[in-house]
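A quick write-up on the structure given underneath.
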2 protein chains.
Amino acid sequence: MTGGPAEPVRPLRLPETAPAMRLTTFTDYSLRVLMYVAAHPEGRATIGEIAAAYAISENHLTKVVHFLGKEGYLTNLRGRGGGLQLSRPATQINVGEVVKATEGGDVPAECFERESNCCAITADCKLKFALGAAVRAFYDELRRHTLEDVARNRRALTRVLLAPPAAGGYDRSRRRKSASASAKPARP
Amino acid sequence: MTGGPAEPVRPLRLPETAPAMRLTTFTDYSLRVLMYVAAHPEGRATIGEIAAAYAISENHLTKVVHFLGKEGYLTNLRGRGGGLQLSRPATQINVGEVVKATEGGDVPAECFERESNCCAITADCKLKFALGAAVRAFYDELRRHTLEDVARNRRALTRVLLAPPAAGGYDRSRRRKSASASAKPARP
DNA sequence: TATAAGATGCGTATCCTATGCAGCTTAAAT
DNA sequence: ATTTAAGCTGCATAGGATACGCATCTTATA
């Protein structure tokens with residue numbers, strides 16, 4: 001595992017650090033799916049349809065949709081003529097709740113995990129409270145919005161989403177260029 | 001790269017998703033370093049000293065410290081007898097600013113990146129504003145605290161930090177057990 | 001019974017993050 | 001001057017997380 005012939009060249013990355021505090025695409029896609037379905041209240045939307053509209057991976061979307069079904073946001077109907085519907089009206093789907101579900105809780109740092117925490121100063125560290133409050137503030141702000149709010153201009157959304165995607169389907173090449181040239185990797 | 005004999009067994013991970021919106025250890029260490037130095041206002045702290053106190057990697061700390069120096073939080077003195085000092089009094093070092101610097105800005109999702117954004121509905125999507133406000137709320141809450149606040153009980157901190165670490169130095173085995181058994185990977 | 005949809009389980013390609021390490025530079029002691 | 005104790009710098013790498021791809025099964029409708 002350590003030995004072996006050295007790889008040819010390898011593209012050469014910059015280590016250092018990069019931004020965190022960022023939503024996963026899982027969350028991103030979750031919200032997009034919900035907005036799509038909300039914008040199409042009549043018929044049922046399908047995974048393929050949504051993937052094409054946003055030009056994103058159908059495979060990954062499948063899992064997102066399944067998750068949203070399990071969580072009670074979507075009603076997923078199998079079989080021919082099946083598809084997706086909102087389980088509740090958009091006014092009763094809260095953006096903060098969705099994000100919390102898809103992001104999996106509010107644990108901003110190691111000190112918040114009961115089990116694995118091994119920071120030496122936990123007991124006397126006030127930072128914990130500050131961080132906890134900040135995360136709470138984040139979700140509180142998100143909780144002020146419902147799916148209805150964010151997908152409000154349904155007409156415009158529907159128009160955009162029904163238009164055929166620019167080129168072919170999903171182009172996985174242009175994604176996350178990690179356009180970080182902001183803070184740390186700056187070398188004079 | 002695609003072919004080749006299948007690897008023996010491989011520990012078998014669960015894919016799906018896991019929590020994001022979490023601080024990097026880079027940020028974690030940055031805050032710990034500042035708290036340490038704040039708790040030792042007389043002499044100068046050294047990297048080795050701090051790494052030992054928290055039982056964390058000296059190598060990584062080196063880069064953290066260097067970064068904090070570049071950003072103007074620390075004054076790093078080289079050479080024998082050198083070490084670290086706060087560049088400003090702790091009352092003038094803001095936790096929110098530090099986190100923003102170490103986390104590298106407030107870009108919670110793809111739609112916020114001018115360049116690489118390719119979400120189909122950006123123009124008509126209100127979600128962007130909600131997310132932006134939430135991130136702002138996060139930092140606003142953090143900005144309410146200074147290093148002086150979080151490192152307030154200096155006496156207790158100093159006591160804990162000066163105590164020798166439990167066992168030997170830095171044990172890199174127990175870290176980030178990713179104790180996620182909360183949301184998605186639940187399979188009945 | 002064909003067909004269209006979602007469900008599932010497994011494999012994998014990249015990243016990202018956190019480190020390791022070797023050598024260099026700077027500055028205070030001796 | 002020379003030693004020595006710091007931090008600086010530029011590689012390299014490991015390990016885990018994320019986001020997919022793919023094949024197959026299940027369900028339900030026509």
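Chain identifiers are assigned alphabetically (A, B, ...) following the order of the sequence lines, protein sequences preceding nucleic acid strands; residue numbering begins at 1 within each chain. As a basis for the values below, the full set of heavy atoms in this structure was taken, side chains included, without hydrogen atoms, waters or symmetry mates.
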Just one of B:Ile56, B:Ile50, B:Thr25, B:Val37 clears the side chain to side chain contact (heavy atoms under 4.5 Å, CB included) bar with B:Arg32, so which one?
-> B:Ile56

Toward the 5' end of DNA chain D, which comes first, A:Gly82 or B:Gly82, by nearest nucleotide?
-> B:Gly82

Residues at least two apart in sequence or cross-chain that pass side chain to side chain contact (heavy atoms under 4.5 Å, CB included) with B:Thr46, listed by chain then number, are B:Glu49

Rounding to a whole Å, what distance do you find between B:Leu74:CG and D:dG7:P?
-> 11 Å

Separation of C:dA7 atom P from A:Leu61 atom CG, nearest Å, is 12 Å

Please give the angle, rounded to 10 degrees, between the axes at the start and the end of the helix from C:dT1-D:dA30 to C:dT30-D:dA1, where five pairs define each axis.
-> 0°

Counting side-chain heavy atoms from C-beta on, which of D:dC8, D:dC22, C:dA5 comes nearest to A:Thr46?
-> C:dA5

Would you say a side-chain N or O of B:Asn59 is under 4.0 Å from OP1 or OP2 of C:dG20?
-> yes

Expressed in angstrom and rounded to an integer, what is the separation of B:His60 atom NE2 from D:dG7 atom C1'?
-> 16 Å

To the nearest Å, how far apart are A:Ile47 CD1 and C:dA5 P?
-> 10 Å

Between A:Leu34 and the options A:Val64, A:Leu68, A:Leu84, A:Val95, the side chain to side chain contact (heavy atoms under 4.5 Å, CB included) test singles out A:Leu68

Which nucleotide in the list D:dT9, C:dA18, C:dG6 gets nearest to the side chain of B:His66?
-> D:dT9

Roughly how many Å is it from CD in B:Glu58 to P in C:dA22, rounded to a whole number?
-> 14 Å

Residues two or more places apart in sequence or in another chain: which of them pass side chain to side chain contact (heavy atoms under 4.5 Å, CB included) with B:Arg144?
-> B:Glu141

In whole angstrom, give the distance that lies between atom CD1 of A:Ile50 and atom C1' of C:dA5.
-> 13 Å

Looking just at side-chain N and O atoms, do A:Thr102 and A:Ser30 make a donor-acceptor pair shorter than 3.5 Å?
-> no

Is the phosphate of D:dA17, meaning OP1 or OP2, less than 4.0 Å from a side-chain N or O of A:Thr24?
-> no

Is there a side-chain polar atom (N or O) of B:Asn76 under 4.0 Å from OP1 or OP2 of D:dA6?
-> no

Please determine, by modelled atom types, if A:Thr75 and A:Gln85 share a side-chain donor-acceptor pair under 3.5 angstrom.
-> no

Only counting residues at least two apart or in another chain, list the ones meeting side chain to side chain donor-acceptor pair (under 3.5 Å) with B:Asn59.
-> none

Counterpart residues, side chain to side chain contact (heavy atoms under 4.5 Å, CB included), relative to B:Thr91 (two or more places apart) | B:Pro89, B:Glu148

C:dA4 C1' sits how many Å from A:Glu49 CD, rounded?
-> 13 Å

Think B:Tyr29 has a side-chain N or O under 4.0 angstrom from the OP1 or OP2 of C:dT19?
-> yes

Between protein and nucleotides 24-30 of chain C, map the contacts as a letter string: B base, S sugar-phosphate only, - none, heavy atoms under 4.0 Å, written 5' to 3'.
-> -SBBBS-

Check every atom of D:dT18, C:dT19, C:dA7 against the side chain of B:Lys63 and return the nucleotide holding the closest atom.
-> C:dT19

Distance-only side-chain donor-acceptor flag, A:Gln92 / A:Thr146, under 3.5 Å | no

Separation of D:dA17 atom P from A:Glu103 atom CD, nearest Å, is 15 Å

Any chance the rings of B:Phe67 and B:Phe26 have centres within less than 6.0 Å?
-> yes

